[in-house]
Structure formats: C-alpha cells, structure tokens
Protein chains: 2
Amino acid sequence: MTNIFDVAKKANVSKSTVSRVFSGSRHVSEKSRQKIIAAADELGYVPNILARQMRQQKTNIIGFVATSYYPAVGSLLSYITHIAEEKGYSVNVYFTKDKEQELNVLNYLKLHVLDGLFLVSTRNGWNTIKEFAKYGPISTWRRIDSCSIYSSYIDHYPLYKQILLYIENTYEVDSIGHILNDRKKSNTKARIKAINEFEHDYPCTDNNWQLFFPEQGGAGKQAALTYLKTTNPPKVVLAYSDYVAADFISTLREHQVDVPRDVKVFGFDNSDFGKYMNISTVDTYLEIQAINCINNIISRLENKKFEEIKITPKLIIRTTC
Amino acid sequence: MTNIFDVAKKANVSKSTVSRVFSGSRHVSEKSRQKIIAAADELGYVPNILARQMRQQKTNIIGFVATSYYPAVGSLLSYITHIAEEKGYSVNVYFTKDKEQELNVLNYLKLHVLDGLFLVSTRNGWNTIKEFAKYGPISTWRRIDSCSIYSSYIDHYPLYKQILLYIENTYEVDSIGHILNDRKKSNTKARIKAINEFEHDYPCTDNNWQLFFPEQGGAGKQAALTYLKTTNPPKVVLAYSDYVAADFISTLREHQVDVPRDVKVFGFDNSDFGKYMNISTVDTYLEIQAINCINNIISRLENKKFEEIKITPKLIIRTTC
DNA sequence: GTGAAAGCGCTAACAC
DNA sequence: GTGTTAGCGCTTTCAC
C-alpha cells in the first residue's frame, strides 16, 4: 500500500504538501499540485481513510438507531442514506436490543466513532439521551422539544382531531376505536388529548375501545383478535400506522369481517401498505422529515445554515373508510 | 480524553500491559489486571476505537450494498444487522447510484474501511466485482457460482417449474403471463428456462405474455397498465415478487378487474405484502439466506468453520390463486 | 508556498 | 508476565 511519503519522494516534495493537495487546501502552487497528482496517479496512491479518521477523530459516519425493524424504518433509512451519501457521509445502522446497547451507540458519539446520530426509536429516556448531544448532533423524527436534539415531528394532536371530525361529519357512527402506540409516547399523548377534546364536543360518540401496542410487529393482528371478541365493536377503527392497519384488516377479513362494510379503518403515514391495500390514511411526508433530520445533522457538523422544510400533512381517503 | 498511557502511569505498568488487558490477551497477571481495571475505571478510560482501527487496519464494519430500496432490502438489512451486532460488527449501508459509486464502495474493502461486503444488488458485472474478493469476504443472496464470492441463492428453475405445474394441474387455463425481472439476471434466465421446458411439455398453454422490469418500483403498476391494454390477457400472472404482485393487483382492482375471478396472481418471496394482501406466493426463506451470507463473511474474517443452513422453498397458496 | 517535526492512541515484535 | 520500542499514515502547527 503506497503512502503519502512515497508520493512525496516521487514528486520531490514533502509529506505536508502532498497532504495539502489531498485534503483540499488551496495553499499549494499549481506546479507542485501537478507533480503530486502525477506521482500519485502513477503509484496508484489513495489516502488512507483510517489514518485520516484517527488523526481528525472524525469518521464521516452517521449512526441510524432503531429498536426494531418495520417498513417505515426502511424508508427512513433509504431517504437518509441517499442524502448522506450525496454529502460525503455514510450511514451505520444499529438495531438496539436493550438500553445498554443503545448507550453503547450513544457513546460512539463521544468516542468519535460516529459524527452524528439519527434516532428512529429509542430505549433510554430523552433525558439520558440529551446528555450525549454535547458530543455531536442528534436528530429524530420523534416529537421532542429540546434545544440540543433536533426533531422534525408532526403534531398528531390537530391531525387526529381533524380525522375524528372527518369521521363524525361523514359517517353516522356512535363509536370510534383506536389502536394506539405506547402510552408514554408523545404522539400517543397528543392523540389521547385529541380524543378527549373530541369526546367533550361530541359526547354521543363512544371512544372507549382503545388498544395500546408499543411495537408495530403483530399489533394489527392482536388488535383484530381483540376486536373479534368485543361485543358491539366500534364501526370505525383508527390505527397508528398503515402497517398496523394492513395487518388489522387482513386478519379481520380472514375472519369474514368485511372492511369497509362492517368496519371502516383509517391508517397513518401513507406507506406502500396503505397504497396497495387502498387504506385511507394520512400523508405525513416521512421523506421530508428524514431530509430535515439529516440536513440538520450535516449542517451542524459543517457549521452551515440549516434550512428546514415545512410539512403540511394531508388526509388521503381511499376505500377502507 | 484519557489514553492508554495515563492508565499505565496510574497503575504503574507499561502501555503494553494496559493494551493487553483491553484487547483481551490472557498473558496478564491477575494482580496487574486488577490494578489496571481500577485505574481505568477511575480515569474513565475507554480504548480509542479509531486508533485501534488504524493500527490494525480493520474496522469491524461490514458493508451492505444495494442499488435501490424496496421492502425485501429492509428485511435483509434487519436480519444481517442483528447477527452482525451479536458478533461484534456493525453494518454500513450504501445505496449506489452508478457503477463508479459502487466501485468506490468495493474499494473500501481494499482500503480496509470495510472488512466485508454483502451485496443485495449490483451495478458492475460479477467479473469486475470478483476482483475485489481478494481484499475481503464478499457474499450475496444473488445467484452466482464463484469460489471467491459466497452466494446463498435459491434456484428458481425447479421452483418456477413447480409453480407452472401447480397452475396447469389446478386451473383450466390456456395462457400464463409472466412479470419478470431483468433479462440478464440469472433468476430470470432460470425462469425462462423453466417456461421453455414447460411449453415443450404443455404446448397448449401460451406463455408469451412476458414483461421485464429491472426495478421493482413501479413495475407492478406498469405491468397492470399493459395488462389492461392487452386483448385476451392471460388468466394467471406470475410476478417476481410479492411487492410487484401487490402493486399489480391493486392497480388492476382500481380498474375493476377482479382478482382472483378475472385473473389469478402469484407472488414470490413471502413478504409482508403477500401476507396482508393474501397473495399466493413462495417462501424462499429470505432470513436464512441473509443468515448464511453474514455468517459466511464473519467466519471467513475470523477463520472459523462456516456452517451453511440448507433452504427448501415452499409454495404458499392463499386467495389470489 | 513549503518543509521539518511532533504527535493522534494504539498494537505487536522482541527482549528479558 | 512485563516493558521497550518502533511504527500505523496522516494532519498540523511553526518556522522560513
């Protein structure tokens, strides 16, 4: 493996000058530059990235952290990786199985193994995580108000109210069911707030059929099984993602429940599952959330101005509702 | 940041001994070890990973390379990352936009930035890629016979024949349509071989409705639009993935074509799309393919014996066929 | 604009 | 079992 010294020798200059050429410094004469490029070409020299990383204590790697895999995770990853690559960063993926492992990854920021962090979902509390923000930029699509962690979130409160109002005004129903995420999540809290206010305005509509599933995998199926056992189940059910809705619908249909005749279903996030199964849903512009997050990380890393793209969610009415 | 020397000083030993403790060498007396651990704890010492990487010219990072994102890519990534993490490796994701960028990633093997490579899909030819196998283990779930690149593949030839036979024996159809992948891919070639032999055995069944889409995105929709324009279209259509089948079916249904009454559809790979849309498909045990690939990479990296898991695909008949 | 020299923090070959 | 020593390849002051 030819190194910087070989090139310097061949081009009759010092290591420093070669280094300047390859790290893009402008303080090199055109003549030296030519000589060096020629020598490097001839020797097939390529800078050793590991040495550079070690020297600068910077890897140009951004960590992508999730607790589990579900389709939206893949989409987020794809969006983020594309932008990162464009800007000269690569993306390292971590599926954390417990708090400790997540702390390990967070520590990578401190150890300069990762330059920045995008959090899909977390195991430790935000207060623990915030502590690491001083070691490098962290961003997330989760809702969190913090000056140290950037968050490109959708406020589920007005959105959920909008959906509830839409249902109230469109169908003659006396009960609405809710398949919700983890009680502790701010999105869930926002939805519950929306439900409570809605119940206050429309006391005739029953919103008590509520199920909570912290994990998306299997949630829809379980919800459907519970639904089937419910006497007098709601005529409309709102799921917290298209993926969960898809699973819910397909399990119901297996048990001869007709969607939308017997029960109407609303998804959330406008994923491929929603599209192909024709599920009514809300487009929350996941891609823009991802773009905002990665752009924020990179602009903080490079001390550039961050331009945030504003997101306006949109209801998409299809055939399940 | 406290370094190995600080710990050595505090524990009254040499750097080497400290290094031995933290790199897991057994040749350290229990007494020294205790002293060192205590000193490290007190100073909050953590080995600098970048320095170690630089020294060993090894990063414990495995590259995951794909040309584009579709759901199976996400599943593969999730399977691979879990195993890699378990064994002390992390996974770096690359979506390559052209041949050159892919070559860049391949070069990372040579530059010791990546220890191994898992290829989901590629832009350069296998002969080009093979050249890099000497720099580190490469594996893929694509079909390729090579001693340098490990491949955990499913032979589509007997499988496709099995599906065709199943259709022939179950339905009274005189034509079968095929939505296929890139003509150049060995899976596609294997399927065409199966079709040709099948046509020879059953000359009354027309297999001429064949469409080719190198990319999964949009393939199903386009195929459906072509299908709608075809006079006398086939009564059974085989798609090359559940994802494509899902898109195909949902587009047909939008145009009032009833699946399975008007046309029966077969998917491939038994993904969530297949499950939720109740698409008949083939389980090719993607997870085992991924496990084989990552285990192969790691065992080659660590000079351990590789235990391959054998895969036997399975037809899954659901409601679209 | 260029070169000399000092490290970044670690590992591993060698000697004892 | 432990210490000495020589780097890994690069960047970055600091002179000139």
Side-chain angles (χ1 to χ4, degrees), chain A residues 1-40 43-61 88 107-108 110-115 135 302, chain B residues 1-40 43-61 88 107-108 110-115 135 302:
Chain A
M1 203 88 268
T2 113
N3 65 21
I4 202 168
F5 189 69
D6 301 332
V7 179
K9 222 163 35 185
K10 184 154 198 120
N12 255 312
V13 293
S14 73
K15 289 196 306 181
S16 332
T17 312
V18 179
S19 169
R20 284 186 186 103
V21 169
F22 283 96
S23 44
S25 162
R26 281 184 283 55
H27 299 285
V28 182
S29 72
E30 199 43 46
K31 211 177 111 220
S32 303
R33 165 169 276 113
Q34 301 281 323
K35 273 197 306 190
I36 289 166
I37 296 284
L43 296 169
Y45 168 76
V46 183
N48 182 306
I49 302 181
L50 262 31
R52 184 178 280 173
Q53 287 182 359
M54 142 95 169
R55 184 57 234 246
Q56 312 192 132
Q57 293 291 304
K58 181 170 191 302
T59 55
N60 276 32
I61 301 176
N107 235 315
Y108 284 160
K110 192 169 170 182
L111 301 176
H112 308 289
V113 172
L114 298 174
D115 289 353
Y135 302 115
E302 303 181 346
Chain B
M1 204 88 266
T2 113
N3 65 24
I4 201 169
F5 189 68
D6 301 332
V7 179
K9 221 163 37 183
K10 185 155 197 119
N12 256 312
V13 293
S14 74
K15 291 197 301 179
S16 336
T17 312
V18 179
S19 170
R20 283 186 188 104
V21 169
F22 284 95
S23 44
S25 163
R26 280 183 283 62
H27 298 284
V28 182
S29 70
E30 199 44 45
K31 208 177 116 221
S32 304
R33 165 169 276 113
Q34 301 280 321
K35 272 197 308 188
I36 290 166
I37 297 284
L43 295 168
Y45 168 77
V46 183
N48 183 308
I49 302 182
L50 261 31
R52 183 178 283 172
Q53 288 181 359
M54 142 93 169
R55 182 60 233 249
Q56 310 192 139
Q57 293 293 303
K58 181 168 189 302
T59 55
N60 276 34
I61 300 177
N107 235 313
Y108 284 162
K110 193 168 167 182
L111 301 176
H112 308 289
V113 172
L114 298 175
D115 289 352
Y135 303 116
E302 303 182 346

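Per chain, numbering begins at 1; letters A, B, ... match sequence-line order.
- A:S29 is linked by a side-chain hydrogen bond (donor to acceptor under 3.5 Å, both in side chains) to A:S32, counting only residues two or more places apart in sequence or in another chain.
- Annotation: salt bridge (Lys or Arg N to Asp or Glu O under 4.0 Å) contacts of B:K10 (sequence neighbours excluded): B:E42.
- Residues meeting the side chain to side chain contact (heavy atoms under 4.5 Å, CB included) test with A:R55, sequence neighbours left out: none.
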Could you encode protein contacts along nucleotides 5-11 of chain C as a string, one character per nucleotide from 5' to 3', using B for base contact, S for sugar-phosphate-only contact and - for no contact, with a heavy-atom cut-off of under 4.0 Å?
BBBBBBB
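- Here B:E302 pairs with B:K304 under the salt bridge (Lys or Arg N to Asp or Glu O under 4.0 Å) rule; sequence neighbours left out.
- Here B:S23 pairs with B:S19 under the side chain to side chain contact (heavy atoms under 4.5 Å, CB included) rule; sequence neighbours left out.
- With sequence neighbours excluded, no residue forms a salt bridge (Lys or Arg N to Asp or Glu O under 4.0 Å) with A:K35.
- Residues passing the side-chain hydrogen bond (donor to acceptor under 3.5 Å, both in side chains) test with B:T17 are B:S14, sequence neighbours excluded.
- Distance A:K9 NZ to C:dG3 C1': 17 Å, rounded to the nearest Å.
- The main-chain N or O of B:Q53 is never found under 3.5 Å from a side-chain atom of B:Q56 such that the two would form a donor-acceptor pair.
- In the helix from C:dG1-D:dC16 to C:dC16-D:dG1, the rotation axis of the first five pairs and that of the last five pairs differ in direction by 30°, rounded to 10 degrees.
- B:D6 meets the side chain to side chain contact (heavy atoms under 4.5 Å, CB included) test with B:T2, B:N3, B:K9, B:L43; sequence neighbours excluded.
- Residues forming a side-chain hydrogen bond (donor to acceptor under 3.5 Å, both in side chains) with A:N60 (at least two apart in sequence, or on another chain): A:K58.
- Protein chain A contacts DNA chain D from D:dG9 to D:dT13, reading 5' to 3' and using non-hydrogen atoms of the protein with a distance under 4.0 Å.
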